[in-house]
Enquirer: 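One structure, as structure tokens, below. Some questions next.
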Amino acid sequence: MLKAKLDRRQRVYTEPMARAVVEPAVLKLIRQYPRGRPFSTTVTYGGDDFSMCAHIRAQRAAPGQVKIALACWVVNMDTARYFGDNPPAREEMCLPPEGTAQWDEDLTSRVIGHLAARMNALATALPTTDEHLTITVPLVLT
């Protein structure tokens with residue numbers, strides 16, 4: 001029952017996460033690092049009993065295009081863990097090799113779907129070899 005409750009909440013939060021957290025992080029990455037290798041960041045968004053995390057990589061691709069790779073996961077922040085003096089470990093907030101988090105393909109797919117619609121993706125999301133989904137979007141620095 002707890003898993004079903006979290007799944008419903010995650011579905012509700014995916015569009016706000018894409019709009020309020022992931023898209024601004026992508027824009028910041030491509031403004032700060034205009035050329036060359038991909039740059040990445042990890043952002044979080046969530047409610048009282050969970051945090052949704054997203055690892056984002058952005059790299060300028062063809063002229064006027066940006067390639068975005070995204071992997072999302074959930075960290076359980078339930079009250080019992082806090083009252084028991086056992087908050088989520090730092091490792092749960094990072095993907096390997098830095099952490100122990102495991103990507104959630106369903107969550108990633110929903111978030112990148114919203115992001116693709118907001119940023120006018122040029123094609124559907126494609127998987128990478130390192131458990132991310134990738135889209136290519138037109139370069140717009142607003």
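All values below were derived from every heavy atom in this structure, side-chain atoms included, with hydrogens, water molecules and symmetry-related copies excluded.
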Enquirer: Taking salt bridge (charged side-chain N to carboxylate O under 4.0 Å, His left out) as the cut-off, I'd like each qualifying pair that reaches into residues 64-74, sequence neighbours left out, listed once.
Expert: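 For residues 64-74: none.
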Enquirer: Rounded at 0.5 Å granularity, tell me how far CD1 in I112 sits from OG1 in T14.
Expert: 12.5 Å
Enquirer: Looking at every heavy atom in both I135 and T124, which two are closest together, and how far apart are they?
Expert: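 Heavy atoms only, the tightest pair is CG2-C, 4.5 Å.
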Enquirer: Heavy atoms only: give me the nearest A18-V111 pair and the separation to one decimal.
Expert: CB-O, 3.8 Å
Enquirer: Quick check for you: to the nearest 0.5 Å, what is the distance between E15 atom CD and R118 atom CZ?
Expert: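 So the CD of E15 and the CZ of R118 are separated by 6.5 Å.
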Enquirer: Compare every heavy atom of V26 with every heavy atom of M119, then report the nearest pair and how far apart it is.
Expert: CE-CG1, 4.0 Å
Enquirer: Distance from R57 atom CZ to F39 atom CZ, nearest 0.5 Å?
Expert: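 It is 13.0 Å, given to the nearest 0.5 Å.
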Enquirer: Does CD belonging to Q102 count more than 12 external heavy atoms closer than 6.0 Å?
Expert: no
Enquirer: For the pair V22 and M17, evaluate side chain to side chain contact (heavy atoms under 4.5 Å, CB included) and give the outcome as yes or no after the intermediate values.
Expert: CA-CA 6 Å; V22 176; M17 181 178 185; 4.1 Å; yes
Enquirer: Are R110 and D104 within salt-bridge range, i.e. N to O under 4.0 Å?
Expert: no
Enquirer: Side-chain contact test, heavy atoms from C-beta onward, threshold under 4.5 Å: evaluate it for Y45 versus P16 and give yes or no.
Expert: yes
Enquirer: Donor-acceptor pair, distance only, cut-off 3.5 Å: does the side chain of H132 make one with the backbone of D130?
Expert: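 A pair under 3.5 Å: yes.
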Enquirer: Supply the atom-to-atom distance L115 CG to R19 CZ, rounded to the nearest 0.5 angstrom.
Expert: 12.5 Å
Enquirer: Suppose we screen for side chain to side chain contact (heavy atoms under 4.5 Å, CB included). Which residues come up paired with L126, at least two apart in sequence or across chains?
Expert: none
Enquirer: For C53, does its backbone N or O pair with a side-chain atom of T44 as donor and acceptor, under 3.5 Å?
Expert: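 Checked: no pair found.
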Enquirer: Counting C-beta onward and ignoring hydrogens, is there a side-chain heavy-atom pair between L122 and V137 closer than 4.5 Å?
Expert: no
Enquirer: List the atom of T42, the atom of M93, and the distance in Å for their closest heavy-atom pair.
Expert: CG2-O, 3.9 Å
Enquirer: Pick from T108, L107, L95: which one makes a side chain to side chain contact (heavy atoms under 4.5 Å, CB included) with W73?
Expert: L95
Enquirer: At their closest point, which heavy atom of P127 faces which heavy atom of L133, and how far apart are they?
Expert: CA-CD2, 3.8 Å
Enquirer: Could you go step by step and tell me if C72 and M52 meet the side chain to side chain contact (heavy atoms under 4.5 Å, CB included) rule?
Expert: CA-CA 7 Å; C72 299; M52 296 179 353; over 6 Å; no
Enquirer: Hey, could you give me the CG/CD distance between L139 and Q65, rounded to the nearest 0.5 Å?
Expert: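 Rounded to the nearest 0.5 Å, the CG-CD separation comes to 9.5 Å.
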Enquirer: CD1 of I68 to CD of E23: how many Å apart, nearest 0.5 Å?
Expert: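 So the gap between those two atoms works out to 8.5 Å.
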Enquirer: Closest heavy-atom contact between R60 and I30?
Expert: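 For R60 versus I30, the nearest heavy atoms are NH2-O, 3.5 Å.
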